[in-house]
Amino acid sequence: MDYKFNEVEKKWQQYWRDQQVYKVDIDHSKPKYYVLDMFPYPSGAGLHVGHPLGYIASDIYSRYKRLRGFNVIHPMGYDAFGLPAEQYAIQTGTHPAITTDNNIARYREQLDKIGFSFDWSREVRTSDPKYYKWTQWTFIQLFHHWYNKDANKAEPISSLIETFEREGNTKINAACGNVDYFTADEWKHMDERRRQEMLMQYRLAYLDDTMVNWCPALGTVLANDEVSEGLSVRGGHPVERKSMKQWLLRITAYSDRLLEGLNTIDWSESLKEIQRNWIGKSTGGAMHFGLEGRNETIEVFTTRPDTIFGATFMVLAPEHELVEKITTPEQKAEVEAYVQRTKNRSERERMAEVKKVSGAFTGAYAINPFTEQKIPVWIADYVLMGYGTGAIMAVPAHDSRDFAFARHFGLPVVQVISKPGEAPSDPASWDESYDSKEGIAINSGFINGLEVKDAIEAVVAEAERRGIGRKQINYRLRDAIFSRQRYWGEPFPVYYKDGMPYTLPEDQLPLGLPPVDAYLPTETGEPPLARAKNWKTSEGYPLETNTMPGFAGSSGYYLRYMDPHNDERYFSEEAIKYWENVDLYIGGAEHATGHLIYARFWNMFLYDLGMTVHSEPFKKLINQGMIQGRSNFVYRIAGTNTYVSAGLKNQYEVQPLHVDVNLVHNDQLDTEAFRRWQPQFADAEFILENGKYICGWEVEKMSKSKYNVQNPDDLIEKYGADTLRMYEMFLGPLEQSKPWDTQGIEGVFRFIRKLWRLFHDENNKPDISETPATEAELRVLHRTIKKVEDDIERFSFNTAVSAFMICVNELNELHCRKREILQPLTILVSAYAPHIAEELWHLLGHTDSVVQQQWPKYKEEYLSENSFSYPVSFNGKTRFKLTLPVDMPARDVEKAVLEAPETAKYTDGKPVRKVIVVPNRIINIVI
RNA sequence: GCGGAUGUGGCGUAAUUGGUAGCCGCGCCAGACUUAGGAUCUGGUGCCGAAAGGCGUGGGGGUUCGAGUCCCUUCAUCCGCACCA
């Protein structure tokens, strides 16, 4: 082997570590640039080739920015709290901290082998008390702040108390729970407990009874984004709804800012759209419907107040508090049965039956305030307690769900919107409702003839005038449940006095995680921390036994990287003023509705506190695509131990079986290795084609069970880290999902060795010429500088790799071994393949690191040509080429082409109608 | 159902502003070197055709001198959300 990549890579990794070349500090003489990778959870399985994809891209970009003169912060750390280590602890009794440390060591070893330019002196771990001190600290701040909607920011609870003392709470416009109004005098006469209960309704971190996603198998609650189709995302266990007292973060206070902020950041449109849908803002009206013979009203939320004249019945969620009160004795049995049935059904069953119409009549009637008509009140589970008011006015003519319900129970349907340009028709003849927001109001009293948009405004205005409704904005976003009944997480800095929670003084942080005898709930169902001895304050007050969820520690880690060892503050003012926020964040789209929304909220809250300098934490975000696996198959003839090659498999009845991709090369199976692989294949027989056994293949998720996992360590062993880095980039655009195909890696491997040979003679002896470069050689170099630079700037890493290949191929043809060319090329390559670049850099006679050089500047003069080979097309079809000077005026080009001998052949005697000349692009002759 | 993305050779892909479709690499074919090759080097390789030539960017239609790129329509695949009133 000419290039000994294994030795070389180890040598320079050691050198970079010893010289601390990637360590950065605040340096006001240079502009800063912050490149961040998503926080990994160190799982026991280690990395597969899909994991480092984003890290490689961000590493290339970091190195590039550094060469361009930026002071680049590029940190890495671990999201170290998490369920797998705790599950392992439950099974084996091993403390999760030990498992986590082992996994981290393994991760670090794998990461180091790839040659990343991380500043490891800034490493953080969420499970480190020095780190979670600040997670706990932020929780305390959230507890002591409320959201003032008038100021549109978080303010201290102390200011709220002052206002209560002065004038009660009637004038306060806060994001808060359901509060009764009180005067200053009433406040003063409340006891401590009552006051605390009141304040709790305002806090940004608050305790409340909520319906939660309870996962019995995991013994904990899960956030909405941790549940998918009624199963836990981690582990796939069933999840049920349960009412529990939980800590919540009032993220809904920030709904509008989270939505608006999206317009100011450079994220992919699809990701922003996912967040917009998750926040789910909808504008409409709140309307009160009176009940026949009762004083209560039913409040509904609707986005279509214009259809109120078509509201022919109402539907309450089965859990609605009015259900019990208004149900008539005759209907009681039926309603109770229905409510009971809804309660017992799991989330999963409920979702599976979305299309089934069900419901029960309460026997009560409401009055439509606009038609004055008596309309029946039903309950049905298609109305959700958790959205709006848990009650709707049903407009069957213009809402498909209401339509289905009306049809099923024989309720009246009245058309109140007519399609533009169409006459109203009898709804009895309809197959579906007319849901569109286009149309004209009909059968609707005073709004008849108005367009939908105007009708909405008119109805809302009228409702306001009559005091029965108002304009209303609703969000789908829910407050974030912040309690987990788990051990391996941050303890809450909270104790209880008379049943009310209080926060610990800040100087008592961090509140460390106590040892426990088992990582399970207690017999009475309390979380594992309840097992800890002496889990109380020095005064003897009991401490909170819940712990925080995974997103607590990952919501502010990018800030802590700026000043990771500060014991006095989360991060210093100097650090935040210099590093500001993340310029480039690379990671997976799977965090769209979790981490990426919580982190924005966390940052906005700290912004309100005056701690961060930008409201948004991540300026630009790129989602790397998934690397899928490429599985190989062998085809077993049914009932035998004979395997038929893929090309012949249609002649037999076969079962495809996954085969380990490591036994296959270029889809050709190593049959001997296959026999040795598993005992059942020891005496396998093969039916070959052309003397080979060819495997089938398919693109699937990379997973152990499919035998298609590619481990970076193995590939580095075989090809080196530089080849792995370049190949991962060469695979395709960063944002696209693509299958991992090991065959292609050979091409990049060849490139690396071709590059090496450019600096060496036939005997692998360094051979660098000091002769000045020719113009042709300079053209190759400068074209490459420009291309690679442009490509990195637009994150097109794959095309830059191809530019390097073209460059090396061309220099090879020119037999160029000149320093004037090779030296700048080495710097270009160093962003992608740092190890070979560092080796070549030293081979060129330097004693400093290639990491600290300057990106070469391309010269325009070597990019322009003096002639251009025009493609000449006839009616759009290219027929021949004509080389002309680049500065020839279009008029002369036209003349030249018409005189060209080939032209006559293609005009075939027909008259030329028009000649289009685009200078230095194309000539098109129209005949 | 709603929202988003993607469809280009046998495969991964390229074409940055509407201007030569297929760069680069894999694979494949042929040749050279070689004891051997899953090494290296050279040449070829979109499809049909002996060639001339024709066809060709999921399908259909349109705008244009000119469309992978713009517009309309349709199909397929993937992802996200999903009774959100």
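Side chains are part of it too, since the values below use all heavy atoms of this structure and drop only hydrogens, waters and symmetry mates. Sequence lines set the chain letters: A, B, ... in the order given, protein chains first and strands last, and positions in each chain run from 1. What you see is a predicted model, and the numbers here were worked out from it, not measured in a lab.
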Chemist: I'd like to know if the side chain of A:Tyr475 pairs up with that of A:Thr252 as donor and acceptor (distance under 3.5 Å, no hydrogens or angles considered).
Modeler: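 No, no side-chain donor-acceptor contact under 3.5 Å.
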Chemist: Hey, is NZ on A:Lys706 packed in by over 12 heavy atoms from elsewhere, all under 6.0 Å?
Modeler: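 Atom NZ in A:Lys706 is packed in, count exceeds 12.
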Chemist: If you check every side-chain atom of A:Arg921, which of B:A85, B:A82, B:G19 has the closest atom?
Modeler: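 Among B:A85, B:A82, B:G19, the one nearest the side chain of A:Arg921 is B:G19.
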Chemist: With sequence neighbours left out, what residues match A:Glu894 under salt bridge (charged side-chain N to carboxylate O under 4.0 Å, His left out)?
Modeler: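 Partners of A:Glu894 under the salt bridge (charged side-chain N to carboxylate O under 4.0 Å, His left out) test: none.
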Chemist: Mind checking if A:Ile274 touches a base, just sugar-phosphate, or nothing, with heavy atoms under 4.0 Å?
Modeler: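 Sugar-phosphate, no base atom in range.
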Chemist: Look at the side-chain N and O atoms of A:Arg630 and state whether any lies under 4.0 Å from the OP1 or OP2 oxygen of B:G12.
Modeler: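 Checking A:Arg630 against B:G12: no side-chain N or O falls below 4.0 Å of OP1 or OP2.
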Chemist: Any chance CZ of A:Arg913 has more than 12 other-residue heavy atoms, nucleotides or ligands included, within less than 6.0 Å?
Modeler: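 Count not over threshold, so no.
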Chemist: With no hydrogens and no angle check, just 3.5 Å: does a side-chain donor-acceptor pair link A:Asp741 and A:Trp697?
Modeler: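 Per modelled atom types, A:Asp741 and A:Trp697 side chains form no pair under 3.5 Å.
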Chemist: Checking the side chain of A:His815 only, and the main-chain atoms of A:Leu811 only, is there a donor and an acceptor separated by less than 3.5 Å?
Modeler: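 Not confirmed, A:His815 side chain does not pair with A:Leu811 backbone.
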Chemist: Is the cationic atom of A:Lys786 (NZ for Lys, CZ for Arg) positioned less than 6.0 Å from the six-membered ring centroid of A:Tyr858 and within 45 degrees of its normal?
Modeler: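 That pair qualifies as a cation-pi contact.
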Chemist: So, is B:G9 syn or anti if syn means the angle is within 90° of 0?
Modeler: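 In terms of base orientation relative to the sugar, B:G9 is syn.
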Chemist: Is the phosphate of B:U40, meaning OP1 or OP2, less than 4.0 Å from a side-chain N or O of A:Arg753?
Modeler: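 For B:U40, OP1 or OP2 has a side-chain N or O of A:Arg753 closer than 4.0 Å.
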Chemist: Please work out if A:Arg478 contacts a base, only the sugar-phosphate, or nothing of the nucleic acid, heavy-atom cut-off 4.0 Å.
Modeler: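 A:Arg478: no heavy atom of the nucleic acid under 4.0 Å.
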Chemist: Would you classify A:Arg757 as touching base, sugar-phosphate or nothing, given that sugar-phosphate means primed atoms plus P, OP1 and OP2, and contacts are heavy atoms under 4.0 Å?
Modeler: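 If one applies the 4.0 Å heavy-atom cut-off, A:Arg757 turns out to touch the sugar-phosphate alone, with no base involved.
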Chemist: Base, sugar-phosphate, or nothing for A:Asn809, non-hydrogen atoms under 4.0 angstrom?
Modeler: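 If one applies the 4.0 Å heavy-atom cut-off, A:Asn809 turns out to touch the sugar-phosphate alone, with no base involved.
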Chemist: State which of B:C83, B:C24, B:G54 makes the closest approach to the side chain of A:Ser802.
Modeler: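 Nearest to the side chain of A:Ser802 among the choices is B:C24.
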Chemist: Just compare B:A85, B:C81, B:G12 and give me whichever is closest to any side-chain atom of A:Trp278.
Modeler: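 For the A:Trp278 side chain, the nearest candidate turns out to be B:C81.
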Chemist: Once hydrogens and angles are ignored, does a donor-acceptor distance under 3.5 Å link the base of B:U16 to the side chain of A:Lys787?
Modeler: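 Pair found.
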Chemist: To the side chain of A:Asp741, which of B:C83, B:C11, B:G66 is closest?
Modeler: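 Given the options B:C83, B:C11, B:G66, the side chain of A:Asp741 is closest to B:C11.
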Chemist: Which part of the nucleic acid, if any, lies within reach of A:Lys718 when heavy atoms closer than 4.0 Å are counted: base, sugar-phosphate only, or nothing?
Modeler: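 Answer is base: heavy atoms of A:Lys718 come under 4.0 Å of a base.
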Chemist: What does A:Asn798 touch in the nucleic acid at a heavy-atom separation under 4.0 angstrom: a base, only the sugar-phosphate, or nothing?
Modeler: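 Sugar-phosphate contact only - A:Asn798 comes under 4.0 Å of backbone atoms but never of a base.
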Chemist: Start at the 5' end of RNA chain B and walk down; is the nucleotide closest to A:Arg750 or to A:Glu273 reached first?
Modeler: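 By nearest-heavy-atom nucleotide position, the 5'-most residue is A:Glu273.
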Chemist: Have a look at A:Val383 and say if it touches a base, only the backbone sugar-phosphate, or nothing, with a 4.0 Å heavy-atom cut-off.
Modeler: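 Base: the residue A:Val383, judged by heavy atoms under 4.0 Å, touches a nucleobase.
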Chemist: Name every residue in residues 693-702 of chain A that has at least one heavy atom under 4.0 Å from any atom of RNA chain B, in order of residue number, or write none if there are no such residues.
Modeler: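 Under 4.0 Å from RNA chain B: no residue of residues 693-702 of chain A.
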Chemist: Tell me whether the side-chain N/O atoms of A:Ser282 come closer than 4.0 Å to OP1 or OP2 in B:A85.
Modeler: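 Answer is yes, contact under 4.0 Å.
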